[in-house]
Number of protein chains: 2
Amino acid sequence: MIKIGELSKVTGCSVQTIRHYEKEHLIASVERSEGNFRLYDEAAVEQLLFIKHCRSLDLSLPEIRQLLALNRSPGAQCDDVNRMMDRHIEQVEARIQELTKLNEQLRMLRRSCSNRRTVEQCGILRNLSATPVSSG
Amino acid sequence: MIKIGELSKVTGCSVQTIRHYEKEHLIASVERSEGNFRLYDEAAVEQLLFIKHCRSLDLSLPEIRQLLALNRSPGAQCDDVNRMMDRHIEQVEARIQELTKLNEQLRMLRRSCSNRRTVEQCGILRNLSATPVSSG
DNA sequence: ATAAACTCTATAATAACTATAGAGTCAATC
DNA sequence: GATTGACTCTATAGTTATTATAGAGTTTAT
């Protein structure tokens, strides 16, 4: 049995984050010591690493909660998992597209000003003042 | 002189957003009518469109505040503007890289499960339980 | 006079943490 | 036994850029 500081070290999640996950019901409330300190076992380490892995994939806490619930009912069909992943992948790809477009606009804007000019002549500011591009 | 609802329509910014920008000093406090309603002129429309354009390029409110300040002192060198843009472009490109990597991982994970299996056999959940990838 | 549409301020919610205050616990040292 | 330091506890506020709400006042039209 380890205390929260140790769990934090082992998993790389901050102490506050662990307590936050408990409050959000991503990890169950655990045993306490006599002095009211949280005590974790190996299973808690595993679950926290699972959560961390999901977070590294940008899954939201509600999404992770859903995955954990599915994980707890092994007989269920995993269509739900797949649907969630598909939706998530779509979102990520949409965001990549957005940012790619954004990047082009920024680079174009940046090219409109070379250093050592005064703000008055600055192409960037002039262009920002012009009508925004349609797609926002 | 137009009221805030009209300004909202013209610029496409919500009424609350406009008030928020005022509180954050992106737009100056304006004249009020007898009944304490904000009254805007053409310059306010221009400035709000400038802000909106900047936001569409994902510039933060503090960044926009800085641009507006530069805009007000036309004699200043625009190196600062350029530095900000360069930093911003870097950030956007870093985020694109991150998301692209993320997308690959998600697709790989997704391939590990075909529908109509039970959660017990689900490759996605099994893989999420395994050690996270190094780069977070 | 009243209703509808608008505006005002102030406050809370959003996501996923991070940071802080103020108090309690525990092990070791003086 | 008292104190120090490292740790933990709860509760609360802050982060970003809005959005949403409550409760009140204003304007316009009927």
Side-chain angles (χ1 to χ4, degrees), chain A residues 1-27 29-40 44 48 50-68 84 87-88 91-92 95 98-99 102 132 136, chain B residues 1-27 29-40 44 48 50-68 87-88 91-92 95 98-99 102 136:
Chain A
M1 291 303 219
I2 58 176
K3 282 184 289 183
I4 199 166
E6 182 74 12
L7 181 62
S8 171
K9 255 181 224 148
V10 179
T11 60
C13 299
S14 80
V15 167
Q16 300 104 300
T17 298
I18 296 170
R19 288 199 278 243
H20 180 65
Y21 286 165
E22 181 182 321
K23 197 181 290 176
E24 295 288 321
H25 303 292
L26 286 163
I27 52 185
S29 296
V30 289
E31 265 183 272
R32 299 292 182 107
S33 72
E34 295 219 338
N36 198 32
F37 289 4
R38 290 171 178 82
L39 294 177
Y40 298 96
L48 197 45
F50 178 94
I51 294 170
K52 202 191 170 195
H53 192 183
C54 291
R55 287 296 299 137
S56 80
L57 297 172
D58 253 12
L59 291 164
S60 68
L61 299 196
E63 282 172 333
I64 297 171
R65 206 181 289 123
Q66 195 182 334
L67 284 179
L68 288 167
M84 180 194 299
R87 201 170 47 235
H88 190 67
Q91 279 171 16
V92 169
R95 185 62 184 151
E98 268 178 38
L99 286 178
L102 186 56
Chain B
M1 292 303 220
I2 58 176
K3 282 183 288 182
I4 199 165
E6 181 74 13
L7 181 61
S8 170
K9 254 183 225 149
V10 179
T11 61
C13 299
S14 79
V15 167
Q16 301 103 300
T17 297
I18 296 170
R19 288 198 278 243
H20 178 66
Y21 287 166
E22 181 182 319
K23 196 181 291 176
E24 297 287 321
H25 303 292
L26 287 162
I27 51 185
S29 296
V30 289
E31 264 183 275
R32 301 291 182 106
S33 72
E34 296 217 340
N36 199 31
F37 288 6
R38 291 171 178 83
L39 294 177
Y40 298 96
L48 197 46
F50 177 94
I51 295 170
K52 202 191 171 194
H53 192 182
C54 291
R55 287 294 300 136
S56 81
L57 297 172
D58 253 11
L59 291 164
S60 69
L61 299 195
E63 282 173 332
I64 297 170
R65 206 182 290 122
Q66 195 182 335
L67 285 178
L68 289 167
R87 200 170 48 237
H88 190 67
Q91 279 170 16
V92 169
R95 186 63 184 149
E98 268 177 37
L99 286 178
L102 186 56

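We name chains A, B, ... by the order of the sequence lines, and we start the count at 1 in each one.
Look at CG on Leu57(A): it is 14 Å from P on dA16(C), rounded to the nearest Å. Going from atom CG of Leu61(A) over to atom P of dT14(C) covers 13 Å, rounded to whole Å. For Ile2(B) and dT7(C), the CD1 to C1' distance is 14 Å, given to the nearest whole Å. Remark: C1' of dC6(C) and CD1 of Ile18(B) are 14 Å apart, rounded to the nearest angstrom. Rounding to whole angstrom units, CD1 of residue Ile27(B) and P of dA17(D) are separated by 15 Å. Across the protein-nucleic acid pair, Lys52(A) atom NZ and dA16(C) atom C1' stand 16 Å apart, rounded to whole Å. One interatomic measurement links the two molecules: CG of Leu39(A) to C1' of dT25(C), which rounds to 13 Å at whole-angstrom precision. Atom CD in Glu24(A) sits about 9 Å away from atom P in dA15(C), given to the nearest Å.
Phosphate contact (OP1/OP2 of dT18(C), side-chain N/O of Ser14(A), threshold under 4.0 Å): present. When the side-chain nitrogen and oxygen atoms of Thr17(B) are compared with OP1 and OP2 of dT19(D), one or more of them lie within a distance under 4.0 Å. Phosphate contact (OP1/OP2 of dA16(C), side-chain N/O of Tyr21(A), threshold under 4.0 Å): absent. Using a 4.0 Å cut-off, no side-chain N or O of Ser33(B) falls inside it from OP1 or OP2 of dT26(D).
Judged by distance alone, with hydrogens and angles left aside, the side-chain atoms of His88(A) form a donor-acceptor pair with the main-chain N or O of Leu57(A) at under 3.5 Å. One N or O on the side chain of Arg65(A) and one on the backbone of Glu24(A) form a donor-acceptor pair closer than 3.5 Å.
Under the rule for a side chain to side chain donor-acceptor pair (under 3.5 Å), the partners of Glu98(B) that lie at least two apart in sequence or sit in another chain are Arg95(B). For Arg87(B), there are no side chain to side chain donor-acceptor pair (under 3.5 Å) partners, not counting sequence neighbours.
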Show every donor-acceptor pair shorter than 3.5 Å between a side-chain atom in residues 16-23 of chain A and any protein atom, with sequence neighbours excluded, or say none if there are none.
unit_1   : atom_1 : unit_2   : atom_2 : d
Thr17(A) : OG1    : Ser14(A) : OG     : 2.8
Glu22(A) : OE1    : Arg38(A) : NE     : 2.7

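Annotation: the terminal axes of the helix from dA1(C)-dT30(D) to dC30(C)-dG1(D) meet at 40°, where each axis is the rotation carrying the C1' atoms of four end pairs onto the next four (5 pairs per end, rounded to 10°).
Sorted by first then second residue, the salt bridge (charged side-chain N to carboxylate O under 4.0 Å, His left out) pairs that include residues 3-16 of chain B, not counting sequence neighbours, number zero.
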Q: For nucleotides 6-14 of chain D, just jot down a letter per nucleotide in 5' to 3' order: B, S or -, based on protein non-hydrogen atoms under 4.0 Å.
A: --SBB-B--
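Partner of Cys13(B) under the side-chain contact (heavy atoms from CB on, under 4.5 Å) criterion, chosen from Val15(B), Val10(B), Thr11(B): Thr11(B).
In this structure, CE in Met84(A) is found 9.0 Å from CD1 in Ile64(A), a value given to the nearest 0.5 Å. For the atom pair CD1 of Ile51(B) and CG of Leu68(B), the computed distance is 5.5 Å after rounding to the nearest 0.5 Å.
Considering only the side chain of Gln16(A), dA19(C) comes nearest among dA16(C), dT27(D), dA19(C).
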